[in-house]
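In what follows, a structure is listed as structure tokens, so that the remarks can point back to it.
Only a predicted model underlies this, so the values are computations on that prediction, with no experimental measurement involved. Quick note on labels: first sequence line is chain A, next is B, and so on, each numbered from 1.
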Protein chains: 2
Amino acid sequence: MTLDARKKNVLLAIIQDYIATAEPVGSRTIARKYKLGVSPATIRNEMADLEEMGYIEQPHTSAGRVPSNRGYRYYVDHLMQREELSVEEEQLLLSGYLTKMQEVAQVLRRTGQLLSHITSYTGVILTTCYGQGKFKHIQLIHMSAGQAMVVVVTDTGAVHHRIIEIPESICPADLETISAVLNQKMHGKSIENIRLTLIKEIYFELAKQKHVIDLAMDVIRDSLSVETGEKIYLGGIFNILNQPEFNNIEKVKTLLSLLEHENEIANIMTDVFRNEGVTVRIGEEMVDDRMKEYSMVMGSYHMEGKPVGAIGLLGPTRMDYARAFAVVEYMTRNLSLVMERLLRWRGK
Amino acid sequence: MTLDARKKNVLLAIIQDYIATAEPVGSRTIARKYKLGVSPATIRNEMADLEEMGYIEQPHTSAGRVPSNRGYRYYVDHLMQREELSVEEEQLLLSGYLTKMQEVAQVLRRTGQLLSHITSYTGVILTTCYGQGKFKHIQLIHMSAGQAMVVVVTDTGAVHHRIIEIPESICPADLETISAVLNQKMHGKSIENIRLTLIKEIYFELAKQKHVIDLAMDVIRDSLSVETGEKIYLGGIFNILNQPEFNNIEKVKTLLSLLEHENEIANIMTDVFRNEGVTVRIGEEMVDDRMKEYSMVMGSYHMEGKPVGAIGLLGPTRMDYARAFAVVEYMTRNLSLVMERLLRWRGK
DNA sequence: GTTAGCACTCAATATGGGAGAGTGCTAACA
DNA sequence: TGTTAGCACTCTCCCATATTGAGTGCTAAC
């Protein structure tokens, strides 16, 4: 089902206009603003066709047309022309990183804010793929009789910690020993490696403290696995409220309740790792029914060529995809650089 | 300027009714619902007086009266009767902690959610007072040539980490040595102590690595100092939108933009440490002008008798102070217990 | 295939009364 | 002197009724 050139132009005009104005667009407007060389009546005919094909819809009989999610999809896949950011905008985005960053979390938070600030959508950052990360260091710290803290550092610069129960008989020195052995055995290994081959060796060496090791291994597994390794940063939740679609409170409420369930967002974002480049999810393409009025434009950022996380923009389906595309693309490159500089990878 | 008994009763009735209904309350309503034994006309006279004294206001001529912030203040200080939570509510709050908690952050996040869930206001948790915390453990971890990660653990269970630049000549073993010395010297000491007396000793012992120690000390100082030790957790931002005052988007926007500046909220909350028990801040008592339609009810939680953080409820000035009071009071006790159990303090 | 013309639809925007809640004032009452 | 009933007055809120205007679909002519 392919569209002839004029239909494409009409659809493009409708979508561009609707993105710009958020008002249903009528045949007159198109004839006037976008010179297609035909009269409103002709455009009306084309619009009737497009509606039948499901690319646009009518809120009510005497209103103009509005793109359907299917229409947006067609636009993104076939009609959208690439956009470049202006030099000033690139400057603005870069300058956000000027204040000295010392923590991965800080960089990511900042990135979320920048994304949101420049687009008036909500910036979403996902860190993940610790599954592909490597173990760097583990430390067991004695907190009190019967309690210890496990701290695990991965080579992506992530730090995970947790309090565990230990037999009261274990003293600080024991923990030091355990830490040392674990570090020595696991240094630079990936989690799969550890699980498959090393674990027996370690058990053997530390037979006495089986229980503690089990708990410590839990933390390691958690921190290296995708499951809890995921963390979401949201930036500028309230910027998106400037979008005209949030003129009624119910919408705001559903959005906020949506954003409170971070793991669902995380779920959607993992999609991104299946594609190269920038991915767009529109409306009900994102499972959850409450998302059907929202879209996400997302991309992954890399370290050493491997994707280690994703950034995205969450906006109404009416969002400016071309611009979001450009911003996300620019920011993924940018963020990859900043991250690599922060955790310079020479030694390993 | 003290009020006679009848004026007090009228003011109390107005405030209670307004808290319950969010509608301006008229003389008729009071005469009917709250049996003061006088006619509406008499109540009207009293209301005129109360208005002149600034305890209540009139949205427009033909509307009932609404409490002013001054009125709320008088209510909280002199009229409010203490309320107890029902057994079911206490149960509900307790059950929130049943799923196993392994991290301080997790407990605090949960607490925020619980606070919000049971009151439909926004729960705010502030952790602070690491200045009074003690140093537990430091670890320098070699990440790559020229870069190391510093991880500091305090006895309150907080973990701070940061990437620092180091001379390329320093190898993992050096960092290990430095870690060991630092740990040995500083174990169990407070930051003041470290700064004042130990630092020279440490420099002497590790003269070669002055630069690294400086950087590490920065992290320690930061993590133990109140400045960056503060962290805010917000719970149920969207629960508060159920309050009828948020019927218009502008209100929602200002609230959200307010909540994005966590440090300002933190500022307000430090007030709490000056008082015993539960503190109430109403409207413009909280500096920022945009806060004049909100109130906070807050209390501090303790570990070993010392306040280590604060919890609070943020709601409209019309909030149910008596109930908020009860919830906050109960939760501070609760949280103190949970925290102490999580980081059992026997050993030290 | 395109276009002008026209009748029709329907949301959004006034317009214009009530209805109702609440007030302040006055005068009468205990 | 304090309290109360009565009453005129003032607003907001709500509802029902035009009015407007943008936009459509259809038909017939070009």
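Salt-bridge formation is not detected for the pair A:R44/A:E51: no Lys NZ or Arg NE/NH1/NH2 atom is positioned less than 4.0 Å from an Asp or Glu carboxylate oxygen.
The CZ-P distance, from A:R32 to D:dG23, rounds to 8 Å in whole Å. Atom P of nucleotide C:dA21 and atom CE of B:M47 are separated by 15 Å, given to the nearest angstrom. Computed from coordinates, the A:D17 CG to D:dG23 P distance equals 10 Å when rounded to whole Å. C:dA11 atom C1' lies 13 Å from atom CD of A:Q58, rounded to whole Å. A straight line from CD1 of A:I14 to P of D:dG23 spans 12 Å, rounded to a whole angstrom. One atom, CD1 of A:I43, and another, P of C:dA4, lie 12 Å apart when rounded to the nearest Å. Distance, A:R44 CZ to C:dG5 C1': 10 Å, rounded to whole Å. Rounding to whole angstrom units, NZ of residue B:K7 and C1' of D:dT3 are separated by 13 Å.
Ranked by how close their nearest DNA chain D nucleotide is to the 5' end, B:N45 and A:A63 are led by B:N45.
The base of C:dG22 does not come close enough to the side chain of B:R28 for any donor and acceptor atom to sit less than 3.5 Å apart.
Proximity of a side-chain donor or acceptor of B:S68 to a complementary backbone N or O of B:Y55 within less than 3.5 Å is detected. A distance-only check finds a donor-acceptor pair linking the side chain of A:E285 to the backbone of A:I282 [under 3.5 Å]. Distance alone, capped at 3.5 Å, places no donor-acceptor pair between the A:T29 side chain and the A:V25 backbone.
Side-chain nitrogen and oxygen atoms of B:R6 include at least one within less than 4.0 Å of the OP1 or OP2 phosphate oxygen of D:dT3. A close approach under 4.0 Å does not occur between any side-chain nitrogen or oxygen of A:S62 and OP1 or OP2 of C:dC10.
Among the nucleotides C:dG24, C:dT3, D:dT4, the one closest to any side-chain atom of B:S39 is D:dT4. The side chain of A:H60 has C:dA11 as its nearest neighbour among D:dG6, C:dT2, C:dA11. Closest to the side chain of B:T42, out of C:dT2, C:dT23, D:dT4, is D:dT4. Considering only side-chain atoms of A:T61, the nucleotide from C:dT2, C:dT9, D:dT12 that sits closest is C:dT9. The nucleotide whose nearest atom lies closest to any side-chain atom of B:R65 is, among D:dG23, C:dG24, C:dT2, C:dG24.
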(request) Quick one: the dot-bracket string of DNA chain D, using Watson-Crick and G-U wobble pairs with both distances under 3.5 Å, [ ] for crossing pairs and | for bases paired to another strand. (result) ||||||||||||||||||||||||||||||
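Classification of the B:Y72-B:Y321 ring pair by plane angle, with boundaries at 30° and 60°, yields tilted.
Taking 4.5 Å as the limit, every side-chain heavy atom of B:S295 sits out of range of all side-chain heavy atoms of B:R281.
Closest of all the heavy-atom pairs between B:D4 and B:R6 is OD1-N, 2.9 Å.
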